[in-house]
Amino acid sequence: AANEVSRDIKFIKSNNEKIVDSQPATLLEAEAFYNDNNLLFLSEETRRFNFIKASVENYVEGINISDDLLEDSYQDYLNEANNAVQNRISHIMINKYNYASEREANDLINQIYNDINTSKVNFVSAVSEFSEDEASIEESGDLGYSSGDAFPEEFESVIAKLKLNEVSSPIDLGDTLHLIKLTEVLKPELRSKSEIIYELREEIILSESASLMSDDIGIAEELIISGANFEEIALTINLDTQDTDLITQDKFESLLIGIDGSRFFERSLLVGDNDIIETEDGFYIIGLAEINAPSLMA
């Protein structure tokens, strides 16, 4: 029933601009309003700043990377790549406690080993027939991957010497006996030495530059806390300085991108005060050099 309701609406549409334009206002009235309301016609306060803008790139020049350091870093890369090799193994397990004597268990594991080596039985079939590790039988004895620390030390020392698809001699873990087979080797693809050396050089330079920049930030912070003036700070960290004209807060934020201008236009900030602002890729040191107070516009 509500959806079926209809209404006839009458309205008047007015144009605000026409109404404003229709109001009589003389230049004398405008001048009187100006004289009675001077605070409405003050110019915006402007300020002048000295500043240093620095980034990691400022510290790149002069950093020398020795060939020995690059060679050592490349060897580290090779060592990391070798440590990242993943070896996959399968095993056959015999539990000594399931046999009348340890000798009987040893005889069995040695017989299995010999039969595999003489091709009387293949490894997968031997797992199905003899292995007593219920958790891995259905996976043909698969134990997964290791980069050198996932399996018992007795396994890892043998794996390091096995060739792909080679079966080890029996391994005694105390309560159990094992034959392990190296079934897969995953090696990371080694990139060319020239490519790695180039990247290493860039990484080291970036790291060194960031360290030098961090040192300068610390020095500048201490100088600011101690009350040093802008020229002393600039001379100590030896970076180029820049000056602004007398600018508004909006102009400040468009010139020093990413910096909140409100903190540099606070009433509490005095001429000669300095501050340091860290950015994503560097830092600013900003000093207030001059304040031009608002004045009545003509």
Between [X] and [Y], is there a shared hydrophobic cluster once you connect ILVMFWY residues whose side-chain heavy atoms come closer than 4.5 Å?
| X | Y | value |
| --- | --- | --- |
| I219 | Y284 | no |
| I247 | L288 | yes |
| F264 | I224 | no |
| V56 | I217 | yes |
| F123 | I109 | yes |

Between [Y] and [X], is there a side-chain heavy-atom distance shorter than 4.5 Å?
| X | Y | value |
| --- | --- | --- |
| I116 | V121 | yes |
| L256 | I277 | no |
| K96 | D172 | yes |
| K251 | D245 | no |
| S147 | V85 | no |
| L182 | K163 | no |
| I180 | L162 | yes |
| T241 | N50 | no |

**Prompt:** Do F230 and F49 pass the side chain to side chain contact (heavy atoms under 4.5 Å, CB included) test, and can you show the C-alpha distance, the side-chain angles, and the key distance before you say yes or no?
**Reply:** CA-CA 10 Å; F230 185 84; F49 298 91; over 6 Å; no
Which atoms form the tightest heavy-atom contact between [X] and [Y], and what is the distance?
| X | Y | answer |
| --- | --- | --- |
| I204 | S73 | CD1-OG, 3.9 Å |
| N165 | K181 | O-CE, 3.6 Å |
| V185 | N87 | CG2-OD1, 3.5 Å |
| Y145 | Q86 | CB-OE1, 3.4 Å |
| I291 | E45 | CG2-CD, 4.0 Å |
| I92 | I112 | CD1-CG2, 4.1 Å |

**Request:** Report the C-alpha separation of D133 and L143 in whole Å, then their side-chain angles, then the decisive distance to 0.1 Å, and conclude whether the side chain to side chain contact (heavy atoms under 4.5 Å, CB included) test is met.
**Result:** CA-CA 11 Å; D133 178 20; L143 292 180; 4.3 Å; yes
**Request:** Take Y59 and E208 through the test side-chain hydrogen bond (donor to acceptor under 3.5 Å, both in side chains) and record every step on the way to the result.
**Result:** CA-CA 8 Å; Y59 296 86; E208 290 291 324; over 6 Å; no
Donor-acceptor pair, [X] side chain versus [Y] backbone, under 3.5 Å?
| X | Y | value |
| --- | --- | --- |
| E29 | T26 | yes |
| N37 | L40 | no |
| E253 | G261 | yes |
| N238 | A234 | no |
| E202 | E199 | no |
| E156 | A150 | yes |

**Asked** Passes side chain to side chain contact (heavy atoms under 4.5 Å, CB included), I52 versus I237? Steps please.
**Response** CA-CA 10 Å; I52 296 170; I237 62 176; 4.1 Å; yes
**Asked** Going by the angle between their ring planes, with limits at 30° and 60°, are F265 and F252 parallel, tilted or perpendicular?
**Response**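 Judged by the thresholds at 30° and 60°, the geometry between F265 and F252 is perpendicular.
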**Item:** Candidates I94, L177, N106, D107 - the one meeting side chain to side chain contact (heavy atoms under 4.5 Å, CB included) with Y99
**Value:**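 Passing option: I94.
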**Request:** Could you verify whether a donor N or O on one side chain and an acceptor N or O on the other, from Q75 and N79, lie under 3.5 Å apart?
**Result:** no
**Request:** Verify side-chain hydrogen bond (donor to acceptor under 3.5 Å, both in side chains) between S262 and D260, making sure each step is shown before the conclusion.
**Result:** CA-CA 6 Å; S262 62; D260 179 13; 2.9 Å; yes
**Request:** With rounding to the nearest 0.5 Å, note down the distance linking CD1 in I137 to CG in D142.
**Result:** 13.5 Å
